[in-house]
Amino acid sequence: MVGNSDKHITRVLFCGPYFAASHQYTKEYLQKYPFIQVDDVPFAVVPDVISNYNICIVKNMQLTSNIISRATQMKLIMQFGVGLEGVDIDAATKYGIKVARIPGDATGNAASCAEMAIYLMLGLLRKQNEMQISIKQKRLGEPAGETLLGKTVFIMGFGNIGIDLAKRLRPFGVKIIATKRSWALHSEGSLQSDGFLIENGTNDNLVDEKGSHEDIYKFAGVSDIVVCCLSMNKETAGIVNKSFISSMKKGSLLVNIARGGLLDYDAVVHHLESGHLGGLGIDVAWTEPFDPDDPILKFNNVIISPHVAGVTEHSYRFMSKVVGDVALQLHSGNPLTGIEIVN
């Protein structure tokens, strides 16, 4: 393989400037392999240069059928993580291009996202923004916060992130209720229909009460905190709407570490203004990057982070290794490992 490196270069395209550690760490991992070229390209330039690349790491770009049709040398489109809602998978299949995600349970991405969910919960319960105001105004002993202890937490979407979140919530002394499409047992290492890897039965025992999609309103009505861990698709877009939030307990908290489009923006703002929603913690937004002047940020009970739940040294180094290994495998003609091909 090394001997042929001067005759052939495998080119890897990272789309856009965001999530910079993804391409930086991948370049570091592959620096000993001159026959693998890694480039990060601005969004606007991608359609003009995509024909030069063999692998595309899409990140948060919308890879449409028109753009994919130009990828004449492309063999693989990957996400630096799990979400593929920005990729026209049917178009990729039409043009003979494989599409893949990196399973989050193996990389530490799910664990990182679960930790961020707890961070947002604690920040809302202990009134993070009001604490900063007290610091500036030299007030001691304010505000009075809440504990996680004794709370009921509804995990909506019990995939890899939901499982890791439940594991980490247990020591806090909470009641955990959760929903997913099916609670039927799967063989160890099998995949659900939503693409999440579930271990055989053992993870189901983390939940005090299990429900299906039809139970989300009932579960919302008895929860102190709702954490949205759903994958984004046609069925789940806008699922946290006015009816859903109205069904939540008055003063309860809403946390989203999945995708911004799962929440209906107008419904969230309405229920923050009315006081029905006790707080909002989101790592993902309706438009990204999020507008720092958006009126939703005027509320002291809103905490937003810049889509960094999975952006940790642990998960990003691991995912960079997966991308690098896949590039090396593709270059040498070996079977691709460490990824989940979806088409």
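Contact annotation: the side chain of Asn54 never approaches that of Leu76 to less than 4.5 Å [non-hydrogen atoms, C-beta and beyond]. Side-chain contact between Leu280 and Ile296 is present, with heavy atoms from C-beta onward closer than 4.5 Å. With contacts defined as side-chain heavy-atom distances shorter than 4.5 Å, the pair Ser223/Met248 does not qualify. Under the 4.5 Å side-chain criterion, counting only non-hydrogen atoms from C-beta, Leu263 is in contact with Leu254. Residues Arg11 and Gln73 form no side-chain contact, since every pair of their non-hydrogen atoms from C-beta on lies 4.5 Å or further apart. Looking only at side-chain heavy atoms (C-beta outward), Thr337 and Gln329 come within less than 4.5 Å of each other. Side-chain contact check for Thr26 versus Val12: every heavy-atom pair is 4.5 Å or farther apart. Here the side chains of Thr152 and Asp208 are not in contact, with every heavy-atom distance at 4.5 Å or above.
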Please determine whether side chain to side chain contact (heavy atoms under 4.5 Å, CB included) holds for the pair Phe35 and Leu328, giving the CA-CA distance in whole Å, both sets of side-chain angles, and the decisive distance to 0.1 Å.
CA-CA 9 Å; Phe35 47 86; Leu328 292 169; 3.8 Å; yes

Phe154/Thr179 under side chain to side chain contact (heavy atoms under 4.5 Å, CB included): CA gap, chis, key distance, verdict:
CA-CA 8 Å; Phe154 171 22; Thr179 55; 3.5 Å; yes

Between Cys229 and Phe158, is a side chain to side chain contact (heavy atoms under 4.5 Å, CB included) present by the stated rule, with each step listed?
CA-CA 7 Å; Cys229 301; Phe158 201 67; over 6 Å; no

Derivation of the side chain to side chain donor-acceptor pair (under 3.5 Å) call for Ser332 and Asn334:
CA-CA 6 Å; Ser332 61; Asn334 292 328; 2.9 Å; yes

Candidate pair Asp90 and Lys94, rule salt bridge (Lys or Arg N to Asp or Glu O under 4.0 Å), full reasoning:
CA-CA 6 Å; Asp90 290 337; Lys94 174 184 175 182; over 6 Å; no

Given Lys180 and Lys210, is the side chain to side chain contact (heavy atoms under 4.5 Å, CB included) satisfied, shown in steps?
CA-CA 8 Å; Lys180 71 175 182 179; Lys210 306 167 187 175; over 6 Å; no

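The hydrophobic cluster containing Val87 also contains Ile102, counting ILVMFWY residues as joined when their side-chain heavy atoms lie under 4.5 angstrom apart, directly or transitively. Residues Val41 and Leu63 share a hydrophobic cluster, clusters being chains of Ile/Leu/Val/Met/Phe/Trp/Tyr side chains in contact below 4.5 Å. In the hydrophobic clustering of ILVMFWY residues, with side-chain heavy atoms under 4.5 Å counting as a link, Val38 and Leu13 come out together. Both Met74 and Leu330 belong to a common hydrophobic cluster when Ile, Leu, Val, Met, Phe, Trp and Tyr are linked at side-chain heavy-atom distances under 4.5 angstrom. In terms of hydrophobic clustering, with Ile, Leu, Val, Met, Phe, Trp and Tyr side chains grouped at heavy-atom distances under 4.5 Å, Met131 and Met121 are assigned to different clusters.
When all heavy atoms of Ala327 and Ile55 are compared, the closest pair comes out as CA-CD1, 3.7 Å. Of all heavy-atom pairs between Glu209 and Lys218, the closest is OE2-NZ, 4.3 Å. Here the shortest heavy-atom pairing between Cys15 and Val58 reads CB-O, 3.6 Å. The shortest heavy-atom contact between Leu165 and Ala117 is CD1-CB, 4.0 Å. Nearest approach of Ala114 to Arg168, heavy atoms of both residues: CB-CD, 4.1 Å. Of all the heavy atoms in Ile176 and Val174, the pair that sits closest is CG1-CG2, 3.7 Å.
Checked by atom type and distance alone, the side chain of Asp264 never pairs as donor or acceptor with a backbone atom of Asn241 at under 3.5 Å. Using modelled atom types, one side-chain atom of Asp283 and one backbone atom of Val308 make a donor-acceptor pair closer than 3.5 Å. Within the 3.5 Å criterion, the main-chain N or O of Phe80 finds no donor-acceptor partner in the side chain of Lys59. Within the 3.5 Å criterion, the main-chain N or O of Thr147 finds a donor-acceptor partner in the side chain of Lys151. Looking at Thr312, its side chain does come within 3.5 Å of a backbone N or O of Ser315 through a donor-acceptor pair. Between the side chain of Ser65 and the backbone N or O of Ala91 there is no donor-acceptor pair closer than 3.5 Å. In this structure, His276 contributes its side chain and Ile245 its backbone to a donor-acceptor pair below 3.5 Å. The backbone N or O of Ser112 sits nowhere less than 3.5 Å from a side-chain atom of Asn109 that would complete a donor-acceptor pair. Within the 3.5 Å criterion, the main-chain N or O of Ile97 finds a donor-acceptor partner in the side chain of Asn343. One N or O on the side chain of Asp215 and one on the backbone of Ser212 form a donor-acceptor pair closer than 3.5 Å.
Atom CD of Glu214 is separated from atom CD1 of Ile216 by 8.5 Å, given to the nearest 0.5 angstrom. Note that the CD atom of Glu142 and the CD1 atom of Ile133 stand 11.0 Å from one another [nearest 0.5 Å]. One distance of note links CE of Met61 with CD1 of Ile67; it measures 4.0 Å at 0.5 Å rounding. Interatomic distance, CD1 of Ile303 versus CD1 of Ile282, reported as 10.5 Å (0.5 Å rounding). For the atom pair Asn233 CG and Leu262 CG, the distance stands at 8.5 Å (nearest 0.5 Å). Distance check: Tyr33 OH to His331 NE2 gives 11.5 Å after rounding to the nearest 0.5 Å.
At most 12 non-hydrogen atoms from other residues, nucleotides or ligands lie less than 6.0 angstrom from CD of Glu235. Remark: Tyr265 OH is packed, more than 12 non-hydrogen atoms of other residues, nucleotides or ligands lying under 6.0 Å away. Within a 6.0 Å radius of NZ in Lys175, no more than 12 heavy atoms belonging to other residues, nucleotides or ligands are found. Enclosure of atom CZ in Arg317 by more than 12 non-hydrogen atoms of other residues, nucleotides or ligands within 6.0 angstrom is indicated.
Residues satisfying the ring-ring contact (aromatic ring centres under 6.0 Å, His included) criterion with His270, sequence neighbours excluded, are absent altogether.
The aromatic rings of Trp286 and Phe290 lie tilted to each other, with the angle between the two planes from 30° to 60°.
For His307 and Phe19, the ring centers sit closer than 6.0 Å to each other.
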